[in-house]
Structures are given as structure tokens and as C-alpha cells.
Amino acid sequence: MSKDNKSGGKAATDPSAKDTHYANLRRAHRDAKRERGEIPTPQPQKRRRGAEDWKPPALAPDQVYLYGLHTVRAALDNPERNKIKLFTTQNALARLEIDVEMLGIPFEIVSPHEIDKVLGPEAIHQGVMLETRPLPVRRLEALKDSPLLLVLDQVTDPHNVGAIMRSAVAFNAGAVITTQRHSPTESGVLAKSASGALELIPYIQITNLADALCELHKLGFSTIGLDSEGPAPLEGTFSGDKVALVLGSEGKGLRQKTRETVNALARLDMPGAIKSLNVSNAAAIALYAARLYLKT
């Protein structure tokens with residue numbers, strides 16, 4: 001009988017050790033190719049069981065399901081959020097670190113599978129779901145005292161909008177303004193991507209973006225549209241003491257009417273080979289530059 005080697009593994013003469021060695025080499029080679037973008041990264045399969053058979057439940061217009069620990073905790077802490085019922089696993093309840101008896105709303109201990117039935121098997125809900133009403137509608141005139149706003153021109157991906165919200169909160173923007181059409185409404189996916197930021201910043205959806213920009217002009221805002229072909233760098237385009245940054249959709253960028261309505265167009269200067277960024281990354285950089293200009 002062969003003995004283990006000094007490192008605690010099997011002897012080199014064991015065929016299984018040789019197979020494991022080559023399997024590790026193949027895995028490392030595949031991982032390196034994925035990092036270089038030569039082969040795609042496979043989608044996670046962990047929660048896909050039953051995805052094809054799942055049908056989303058019909059929701060009332062004033063019904064929203066939020067999920068995820070950070071998202072739900074932030075919603076529970078938000079006095080403006082009308083909470084209806086909390087659904088949580090025993091483990092998630094301990095991680096929430098809340099006294100459910102003091103919440104003032106019904107709660108139910110459930111299994112992860114029961115939450116999957118409502119949200120779908122691919123939702124990363126972490127064992128907690130909150131039924132709520134949408135947040136109160138906000139108006140543009142309520143933002144006149146905020147020096148920095150973010151305006152989105154038909155950014156459709158809720159994951160991008162959620163990430164943008166996080167950056168907007170981080171840089172203390174007064175609101176994220178977007179259109180009612182071709183933009184995500186308040187939802188669990190948007191809230192989960194924002195990871196609590198939805199509760200911390202007004203999300204204002206307006207009917208006509210050009211009219212909204214004109215209203216912002218009347219409120220004293222300088223509106224700057226971000227465009228990769230903008231005539232000047234962003235940092236040299238700021239003016240006044242109130243700034244509204246305007247970013248376009250993931251594919252088409254700013255619409256022509258938006259370009260004509262903003263006070264100025266500007267670009268993010270990028271010295272590298274890549275000259276465009278994901279809209280959420282561009283928003284974070286633009287917010288940082290605006291804060292440096294405003295010095296607040």
C-alpha cells in the first residue's frame with residue numbers, strides 16, 4: 001500500500017492525483033482565457049431550477065415586492081415607505097437584526113422556496129421579501145435647493161439605474177430624474193440593484209424630458225449632456241452653482257431633442273484605447289467631477 005506524501009496528498013504514483021493535477025491545470029487555463037475575454041463566462045446555474053416553468057404573479061399597480069437584506073432593511077427604516085407585509089426565513093430574520101414585534105406590520109416565517117414562487121427561482125432574495133406600496137411621487141420644484149441632480153434619457157436597464165442610484169447617493173445628488181416611458185419603474189430588481197439607495201434618493205419619472213429640462217433651467221440649473229463626441233471636456237464645461245448632469249441610453253446615447261435642450265454638451269476625456277463606458281460608470285465619474293466643481 002502506498003503512503004501519503006509529506007504534503008498530505010496522495011503519492012505521485014496514484015493515478016487519481018495525476019488526473020487532479022491536469023484538471024487543475026485545465027481549469028486555470030480556462031479561467032485565464034475568461035479573464036482575457038477570449039471565452040464567455042458561464043451564467044450561474046445555482047438557482048435556475050424551475051426557471052422555465054415559473055410565471056410571475058399578477059401584481060396590482062400599487063403593489064411592489066422588494067427583496068434582499070440591504071434592500072429590505074433600508075425599506076423598513078424608511079418612514080416614507082408604506083410597508084404591507086414582511087416574509088422572511090428564520091435565518092434571514094436573524095441577519096436582519098430587527099424586532100419584528102416593533103415593526104407594526106404583519107410578518108410571516110417562510111421557506112426560501114415559498115419566496116421563489118413569488119419572485120422566481122433566479123432572484124437572489126437572501127431569504128427575505130417585503131410587500132410594499134410605491135414611494136410617494138416627487139415633483140421637480142421640490143428640488144430647487146439641491147445643487148446637483150442626475151437626469152437619465154431613457155436608460156432602460158434596471159440594473160444600470162440601480163447602480164446609478166448608488167453613485168448618486170454616494171455623491172449626495174438631490175434626485176435621479178428619468179422618463180416614464182422607456183425607463184424602469186420601481187421594482188424589486190431596481191431596488192436590489194440599488195442596494196438600499198432607492199430609499200435614500202428621490203426617483204422622479206417625468207412625462208416629457210425636454211420640458212423637464214426647461215423647468216430645471218428656470219430653477220437655476222445648468223444642464224450638461226454627456227456625449228462621447230462632446231465639444232469640450234466635462235471639467236471645463238461646468239457653470240453656475242447648480243448642475244444637472246444628463247446621461248443617455250445604453251446604446252443610442254442622448255436623443256436629438258435632449259441634445260438641443262441642454263445648456264451644453266461635454267465629454268469624458270479618456271486617454272486609453274476604449275473611448276466609451278457603461279452608463280453607470282460614466283455617471284459615477286461625472287458625479288465626482290461635478291462635486292469637485294461644486295466643492296460641497
Side-chain angles (χ1 to χ4, degrees), residues 140 143-144 146-184 193 197 201-296:
L140 291 180
L143 305 173
K144 59 184 178 181
S146 177
L148 178 59
L149 303 176
L150 200 58
V151 183
L152 306 180
D153 186 5
Q154 297 191 346
V155 177
T156 58
D157 188 341
H159 298 91
N160 276 335
V161 175
I164 288 169
M165 279 186 177
R166 286 180 56 79
S167 295
V169 170
F171 290 103
N172 202 27
V176 174
I177 302 167
T178 187
T179 53
Q180 290 180 349
R181 297 183 61 196
H182 307 293
S183 298
S193 299
I201 188 170
Y203 181 53
I204 302 175
Q205 293 190 285
I206 44 84
T207 304
N208 185 290
L209 184 57
D211 289 347
L213 291 173
C214 290
E215 187 173 346
L216 291 178
H217 294 158
K218 293 177 182 178
L219 293 173
F221 284 91
S222 171
T223 57
I224 303 175
L226 270 291
D227 189 311
S228 60
E229 303 298 325
L234 175 61
E235 55 268 31
T237 309
F238 293 115
S239 63
D241 55 4
K242 293 182 179 180
V243 174
L245 298 167
V246 188
L247 289 92
S249 65
E250 293 90 342
K252 298 179 180 179
L254 297 173
R255 289 175 294 167
Q256 185 60 34
K257 182 65 174 177
T258 305
R259 293 168 180 266
E260 296 169 356
T261 308
V262 296
N263 294 133
L265 292 171
R267 66 179 184 270
L268 295 177
D269 267 347
M270 288 171 276
I274 294 176
K275 300 300 180 183
S276 63
L277 295 172
N278 174 279
V279 64
S280 63
N281 293 332
I285 295 171
L287 285 164
Y288 176 76
R291 272 297 165 201
L292 284 181
Y293 165 76
L294 294 168
K295 296 180 180 178
T296 57

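Being a predicted model, the structure only gives us computed values, none of them experimental.
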| field | Flag, side chain of S193 to backbone of G162, donor-acceptor distance under 3.5 Å | value | no

| task | Just do the side chain to side chain contact (heavy atoms under 4.5 Å, CB included) check on T179 and I206 with the steps written out, would you? | result | CA-CA 5 Å; T179 53; I206 44 84; 4.1 Å; yes

| Heavy atoms, side chains only, cut-off 4.5 Å: are I201 and R166 in contact? | no

| message | When you compare the side chain of L287 with that of L148, does any pair of heavy atoms fall below 4.5 Å? | response | yes

| request: Run through L152, V246, L149 and flag the one making a side chain to side chain contact (heavy atoms under 4.5 Å, CB included) with I177. | output: L149

| Plane angle bin for Y288 and F171 - parallel if under 30°, tilted between 30 and 60°, otherwise perpendicular | perpendicular

| Audit row: D241, Y293, side chain to side chain contact (heavy atoms under 4.5 Å, CB included) steps and yes/no | CA-CA 9 Å; D241 55 4; Y293 165 76; over 6 Å; no

| task | Could you tell me which non-hydrogen atom of L150 sits nearest to which non-hydrogen atom of A283, and how far apart they are? | result | CD2-CB, 4.3 Å

| Donor-acceptor contact below 3.5 Å, side chain R267 vs main chain G230 | yes

| query | Does the side chain of P147 come within less than 4.5 Å of R291's, by heavy atoms? | reply | yes

| said: With rounding to the nearest 0.5 angstrom, report the CG to CD1 distance, L245 to I285. | reply: 12.0 Å

| Hey, does V169 have a side-chain heavy atom less than 4.5 Å from the side chain of S167? | no

| Given side chains that start at C-beta, do those of D269 and L234 come closer than 4.5 Å, heavy atoms only? | no

| field | Euclidean distance, R259 CZ relative to L265 CG, rounded to 0.5 Å | value | 6.5 Å

| If you round to the nearest 0.5 Å, how far is CG of L247 from CG of D153? | 9.5 Å

| message | Is the shortest side-chain heavy-atom distance between Y203 and V161 below 4.5 Å? | response | yes

| query | Is the backbone N or O of I224 less than 3.5 Å from a side-chain atom of N263, with the two atoms forming a donor-acceptor pair by type? | reply | no

| Step-by-step side chain to side chain contact (heavy atoms under 4.5 Å, CB included) determination, V151 to L209 | CA-CA 9 Å; V151 183; L209 184 57; 3.4 Å; yes

| remark: Taken to the nearest 0.5 Å, the spacing of Q205 CD from S183 OG works out to 6.0 Å

